[in-house]
Amino acid sequence: MEIIHVSAECYPVAKAGGLGDVVGALPKYQTKLGHVAKVVMPMYRTKFLYDNDWELVHEGGAWLGGTWFKYAVIKEKTNKLGFDLYLVDVNGLLDREKIYGYDDDTERFLSFQIAVVSWLNEWGHMPDVVHVHDYHAGLIPFFMKYAYGFENLRSVTTVLTIHNAQYQGWMGWNKRHLLPAFDDWKSGMLDWADMINPLASGVKCADKVTTVSPSYMEELRFAANGLESLFEYERGKCVGILNGIDNEVWNPAKDPLLHTKYSAKTVVKGKKANKEALAAQYNLDPKKPLFVFIGRLVGEKAAEILPGSIDQSMTMHEQRLNFMMLGSGETRVEAALQSLVDKYPGNYACYIGYNEQLAHQLYAAADFLLMPSRVEPCGLNQMYALRYGTVPMVRNTGGLRDTVIDIGAPNFEGFGLVFNEATAWDLNESINRAMGWYYEKPDILQAARKKMMAIDHSWESSAGAYLNLYAQ
Ligand code: GLC
């Protein structure tokens, strides 16, 4: 089967979050299973672009409202990622440094989607499936079915994967003229609550819709930022498929970014060495447990409860613990986390920004990973933590619910800490429990580390689930 993934992100080309990781890994594993998977994404000005060699495969033009724009499609020459990678260049719109965050993001991603469908339509060869990811590519199923000029694509199967339904890309109907001309009778397929809603349109028009965990699929019928009834109505074509992780990139036994590599056998020594190295660099105490948070500092991740919770835990446990934070996001939260550095010297560190290497080092050095997320469609960090023998402490939601079993569960099958509310109160309760396990029952905790490292969250099985879905 031949599949084309359309996405705004793909690691290592450009990544802002988990979407990039998934689109960087899934095609690789689909290819390993004997299929042809390709990725097409915007051409941003990233390091990857300048470090690699490209060939021009297509040049075309299309209308964006009254403006005729030219686009080019280039392809990476060496199959470096293990699959064909295509970048769409739209001069002046896509060729910027950042992926998102510009005033004209609507126009940028419209031009991207229009360029993709016009290229595919003109390409003499059809994929079996066009697999679009999130709202940035959400209008493509509509264009393929109902816009004029893309007749060659009418019968190609489409799949939409929702990595996060909070973001829907809505725009007013006054932007209608920016879309390619389409059958007026079909405008309902674009509309949600009197707006053009790309994510809702994708749900209506795609042949199949997936989200990145079974629990999140269930939750969307009750909490989907306004789209609840749509998910209820369309549930016949919706399915949750848990993400995998790239076991080659995330492997403590081979990870070149770590200070000391280790396996399940050597986890105790290995984590100790990594903690000592990190502690020396960031002024932490290697003899105390280390709690880390890695991720975007936004409400969805409940990041704003962290500063208060850290403060309370430091007081309550008389600084018999360390915290380290890595991430960026809301200025207010960044400032609050930064301010704790002076308050708890020797037990607290904070890195505001994005740092892939430090993330790897934190998974290796930490004892516990904090994930109080309000919304977590899948969550990859808890799976990385498991692989590195770091106990995930998660709120009972979405993909976190599907991947972490509480250590207190009957029959001793558990390995993480699960709590119910995204509040400082619940998080602190959980930290209290963690402290108990760390200081009083270290043997059980070490056994749990070995157990979690043996869990297989690799892409092999999920990649197969997508292929079954395409076959349907
Ligand atoms: C989004 C979600 C996250 C998920 C990731 C990859 O970033 O917020 O939960 O793991 O996409 O699907």
Side-chain angles (χ1 to χ4, degrees), residues 5-30 39 41 99-101 131-138 159-169 199 202 209-220 223-225 227 238-246 249-250 293-303 326-330 354 356 359 363 369-387 392 394-404 422 457-459 461-463 465-466 469:
H5 294 273
V6 188
S7 170
E9 299 179 32
C10 174
Y11 179 80
V13 190
K15 161 180 164 181
L19 168 65
D21 283 332
V22 170
V23 178
L26 175 58
K28 196 154 83 183
Y29 287 84
Q30 291 180 327
V39 169
M41 65 184 296
I99 305 174
Y100 319 109
H131 187 154
V132 303
H133 296 264
D134 275 353
Y135 82 83
H136 325 99
V159 173
L160 164 71
T161 292
I162 300 173
H163 297 260
N164 197 330
Q166 295 296 108
Y167 306 100
Q168 300 169 3
L199 193 74
V209 176
T210 76
T211 58
V212 287
S213 72
S215 285
Y216 186 58
M217 189 79 257
E218 282 299 305
E219 286 169 19
L220 285 178
N225 209 1
L227 302 187
C238 294
V239 42
I241 301 177
L242 195 67
N243 283 333
I245 58 171
D246 191 331
V249 176
W250 298 94
F293 173 91
I294 302 171
R296 288 177 296 127
L297 302 174
V298 295
E300 224 173 275
K301 305 285 178 196
L326 165 61
S328 61
E330 288 167 18
Y354 169 86
E356 195 75 16
Y363 289 115
L369 174 80
L370 306 176
M371 284 186 89
S373 308
R374 290 201 169 82
V375 183
E376 199 60 86
C378 176
L380 299 170
N381 291 5
Q382 82 280 15
M383 297 199 256
Y384 300 147
L386 293 173
R387 185 114 168 102
V394 306
R395 190 173 94 77
N396 195 12
T397 188
L400 299 176
R401 182 204 294 267
D402 294 342
T403 50
V404 180
H457 276 304
S458 67
W459 265 110
S461 69
S462 308
Y466 280 107
L469 185 81

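Start at 1 and go down the list; that is how both ligands and their atoms are numbered. Numbers here are sequence positions counted from 1. Below, each value reflects all heavy atoms present in this structure, side chains not excepted, and no hydrogens, waters or symmetry copies.
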So which residues, sorted by chain and number, lie with a heavy atom under 4.0 Å of ligand 1? Gly18, Leu19, Val22, His163, Asn164, Val212, Asn243, Lys301, Glu376, Pro377, Cys378, Gly379, Leu380
Going by the side chain to side chain contact (heavy atoms under 4.5 Å, CB included) test, name the single residue among Thr211, Thr210, Ile241, Asn243 that passes it with Thr161. Thr210
Just jot down the side-chain hydrogen bond (donor to acceptor under 3.5 Å, both in side chains) partners of [X], sequence neighbours excluded, or say none.
X      : value
Glu219 : Thr397
Tyr29  : Asp246
Gln166 : none

What is the minimum heavy-atom distance between Pro377 and Asn164, and which atoms define it? CG-CA, 4.0 Å
At their closest point, which heavy atom of Val375 faces which heavy atom of Tyr216, and how far apart are they? CG1-CE1, 4.1 Å
